[in-house]
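Read the numbers this way: they start at 1 and go in the same order the structure lists the ligands and their atoms. The analysis underlying the following values was restricted to heavy atoms, covering all of them including side chains, and did not include hydrogens, waters or symmetry mates. The residues of the chain are indexed from 1 along the displayed sequence. All figures in this text were calculated on a predicted structure; none of them were measured in a lab.
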Amino acid sequence: MKNLHSYFGGMLLLLFSCKSAQSITSTQSSSEEKSLNARIAQMSIEEKVGQTCQITLDVITQTDAKGQTLTPSAIDTAKLNEAILKYHVGSVLNVGWHTLSLDEWKGIIPAVQNPYTTGKTNVPIIYGIDAIHGVNYTVGATLFPQEIGLAATWNPALAKNFGEITAYETRASGIPWNFSPVLDLGRQPLWSRTFETLGEDPYLISQMGSAIIDGYQGGTTPDAYHVASCMKHFVGYSGTNSGRDRTPAWIPEKYMKELYLPSFKAAVEHGALTVMINSGVVNGIPGHINHHLITETLKNEWGFEGFAVSDWEDFIMLHTVHSTSPSLADAYVQAFNAGVDMSMVPLSPQYKEYCTIMVDAVKTGKISMDRLDDAVRRILRVKTRLGLFEKPVPTFENYPKFGCAEFKQASLNAALESITLLKNENSVLPLKTNQKILIAGPTSNNMIYLNGAWTHTWQGMDTAFNTRGCLTVKEAFEKKLGKENCLFTQGAELYADGGFEKTRYVNLNDYKEKLKLVDVVVLCLGELPATEKPGDILSLNLNSEQRILAQIAYEQNKKVILVLIEGRPRIIHDIVAGAAGIVQAYLPGNYGAEALVALMFGEKNFSGKLPYTYPKFDGVIEFYDHPKSVDRSKSGDFSAYNPEWDFGFGLNYSNFEYTALNLSQDTFSDKDSIAVTVTLKNKSSIAGKEVIQLYASDDYASLIPTGKSLKRFCKIDVPANSEVSKTFYLNRTDFQFVGKEGVFIVEEGEFTIRVGNLSKKLSYKKK
Ligand code: BGC
């Protein structure tokens, strides 16, 4: 990365073009189908059912008297043989409760594949794992910012690079299948998994999600350095009304099509090989029995060729939680017939019961042989494309780059481009090395806050597994300034009380005393790592104790820079005005603190942009693409929309200005491609990167139009004192919406194209 202060004497006019993602066409061949059919023809019903069964690793490991997997982890051959030889189980997932060493994986994977490699079975196991921000379950792997931070880079090339590195390190661990990316729409910030999403906009999610898939798979037939991706959680999981995990959502067909489905459709077009189903409920229908979405939409309409796996215990939950199936047998039949091909059962003895019930359901005709064969064909297709029949166990020596410096640099780059500057009053940033600085706050001195959940353990809370050698915010500042020049006191700590996040003060007097000695306070706030049910929260407001820490520093007239280390926008309105600077770090990963320091001292320029609308008040959650009526205020003008910061917002040390917006035509018709050319000027001597964001809106439509919708974006280098131009191409489909008949239409009339503060009118006439 170039140094921030590189200076270019004259004004340059540079032309850039950002590569748009290309869809991958299917490599499915008739010879592949023939060989799949030949395999299926030789399988018994029991063997076929076994292929649809996925168990967790704990089921087949050596355990202590309490059933806990021993450390180091090793396979229990008797349990393995029962699962694979007796029940013909086709898939294994996960780890015990914590991350494993490469050596442990080198023992586990060959042992799991042993029944196949020794010729006792004809089908290899497909092993799956949640490597959602890097290979978080292998010691020493490269951990990146969580997806919400990746989205804030607005840089698909970085997302693809993240995918490639994660795929490499997943394969290095012997695993060919990654339960990632999350493509859920992030519009319910109370939801504990917001940090796993790519933000609130369907276009941004589609672009970034597809880039990750390209990186993971490298095509539709991943080689030994790529893995099968798993787009999840299909679909509507994130739209929970209550904000609690795995609770119902109401999503009208129009918004399902416009907002929730596009990222999954784009992923299918990029060749995603598997999908995981929504554990929640949409419009009263549990995700796992939604035949319309899984079979009709995903498989039939979009032509998805891979397989659908359930989420954790979700076949069972149809009976035990959702109450849509009076018995387990009914639940299994309903889910399987809805189109879910593999059941993450995943425990014992439940998996045995699953296999027995399913065999019976096929024999009694509740599940047709055609449907069973369809599921098995899909599963075997993915196993074939992953090369598992030829090479079920990798050559572990072929992955020398695991955890290498180049990969760490890629993670650091992602953090650098993600961290977002939200406020910089009187240029408090960049910091100067001669300033006296206090580092404080509950998230300032532990790696768990930088990484969040799905880090070494499911909830990411156990500090014992933190990657050695990575720096906390406090340590990164000390590295930069020298320990003696950097004061530290935490002031408060986060803890869980009755399962819910709380904050308590830690030596508040020390905090107050140290405040007196410094010019600047870097106050690190945020939240406890958590995901899924354990991550449910009661309020979006940041705990009051954390906000009071800020207020105490304001009362002493200190320049306070709030660093928000959080996976979603926690409400901080009452401490915004008093802060001199505010930095949104998201969950930036193992190198997040180093990135933060480089940005805060101006060694690098900020270029992250919010992937969500940051709310100001807890009672009003708004989105950038709201229709005009949302904007109507009490006094009747259109100023009600009032977030803390808008979607796409982010400051930097440069001074950018859009100087021109030109369209190739002012009227378009069905086959036209409209060129939109934007010119952006850097009026400063500081080089930077800017995200050019192109929005469009329908001036009038038969159903209320959005105020504006993101249509294209491009992250672009803008040298100091120069001008760059970028041309985007739009076509008819960019102006479509789901009309009264429930299908996408484009209506004749005027549209507005916006980039920055510039806008142009464009009209559409049917041909
Ligand atoms: C989560 C999934 C995850 C699966 C396997 C579930 O509880 O919802 O996102 O892939 O567990 O770990």
Side-chain angles (χ1 to χ4, degrees), residues 53-59 69 91-100 126-138 146-148 166 170 173 175-186 188 191-198 209 212 216 227-240 244-247 249 263-264 267 272-281 286-288 306-318 320-322 335 340 342-347 350-351 452-460 529-536 567:
C53 179
Q54 186 183 54
I55 56 173
T56 192
L57 180 62
D58 283 342
V59 170
T69 293
S91 182
V92 179
L93 86 150
N94 264 359
V95 291
W97 66 277
H98 63 80
T99 192
L100 302 183
I126 180 168
Y127 203 110
I129 196 116
D130 297 281
I132 71 160
H133 70 120
V135 189
N136 36 265
Y137 286 143
T138 303
Q146 295 275 1
E147 262 190 49
I148 198 71
T166 301
T170 307
S173 311
I175 300 170
W177 182 23
N178 188 1
F179 302 137
S180 176
V182 168
L183 299 176
D184 297 312
L185 187 81
Q188 169 49 291
W191 185 47
S192 62
R193 308 189 72 172
T194 299
F195 73 95
E196 296 179 48
T197 75
L198 292 162
I212 294 172
Y216 284 159
V227 295
S229 63
C230 184
M231 41 183 182
K232 69 188 192 185
H233 306 78
F234 192 75
V235 56
Y237 179 25
S238 57
T240 135
R244 289 194 214 111
D245 187 51
R246 290 170 158 82
T247 57
S263 55
F264 289 92
L273 285 170
T274 73
V275 64
M276 190 182 291
I277 303 303
N278 167 17
S279 272
V281 177
H288 285 73
F307 69 85
V309 62
S310 83
D311 203 339
W312 188 271
E313 284 188 336
D314 269 306
F315 277 33
I316 297 171
M317 288 197 196
L318 293 169
T320 58
V321 177
H322 298 308
V340 191
M342 182 184 279
S343 173
M344 189 186 289
V345 182
L347 302 173
Q350 289 86 338
Y351 85 87
W454 299 108
T455 305
H456 308 305
T457 60
W458 176 40
Q459 295 297 314
T531 187
E532 300 189 52
K533 266 284 160 214
D536 286 353

Side chain to side chain contact (heavy atoms under 4.5 Å, CB included) assessment of T166 paired with N178: CA-CA 9 Å; T166 301; N178 188 1; 3.8 Å; yes
What are the distances between nitrogen or oxygen atoms of ligand 1 and protein nitrogen or oxygen atoms, counting only those under 3.5 Å?
residue: ligand 1; atom: 7 (O); partner: R246; partner atom: NH2; Å: 3.2
residue: ligand 1; atom: 7 (O); partner: E532; partner atom: OE1; Å: 2.7
residue: ligand 1; atom: 7 (O); partner: E532; partner atom: OE2; Å: 3.2
residue: ligand 1; atom: 8 (O); partner: R193; partner atom: NH1; Å: 2.7
residue: ligand 1; atom: 8 (O); partner: R246; partner atom: NH2; Å: 2.9
residue: ligand 1; atom: 8 (O); partner: D311; partner atom: OD1; Å: 3.2
residue: ligand 1; atom: 8 (O); partner: D311; partner atom: OD2; Å: 2.6
residue: ligand 1; atom: 9 (O); partner: R193; partner atom: NH2; Å: 2.8
residue: ligand 1; atom: 9 (O); partner: K232; partner atom: NZ; Å: 2.9
residue: ligand 1; atom: 9 (O); partner: H233; partner atom: NE2; Å: 2.7
residue: ligand 1; atom: 10 (O); partner: D130; partner atom: OD1; Å: 2.5
residue: ligand 1; atom: 10 (O); partner: K232; partner atom: NZ; Å: 3.0
residue: ligand 1; atom: 11 (O); partner: D311; partner atom: OD1; Å: 3.4
residue: ligand 1; atom: 12 (O); partner: N94; partner atom: ND2; Å: 3.3
residue: ligand 1; atom: 12 (O); partner: D130; partner atom: OD2; Å: 2.5

From CA spacing to verdict: side chain to side chain contact (heavy atoms under 4.5 Å, CB included), V59, Y351: CA-CA 9 Å; V59 170; Y351 85 87; 3.6 Å; yes
Cationic N near anionic O, under 4.0 Å, R246 to D536: no
Geometric cation-pi criterion K232 and W177, 6.0 Å radius, 45° cone: no
Pairwise side-chain contact, D184 with F264, heavy-atom cut-off 4.5 Å (strictly under): yes
Side chain to side chain contact (heavy atoms under 4.5 Å, CB included) assessment of T274 paired with F179: CA-CA 9 Å; T274 73; F179 302 137; 5.8 Å; no
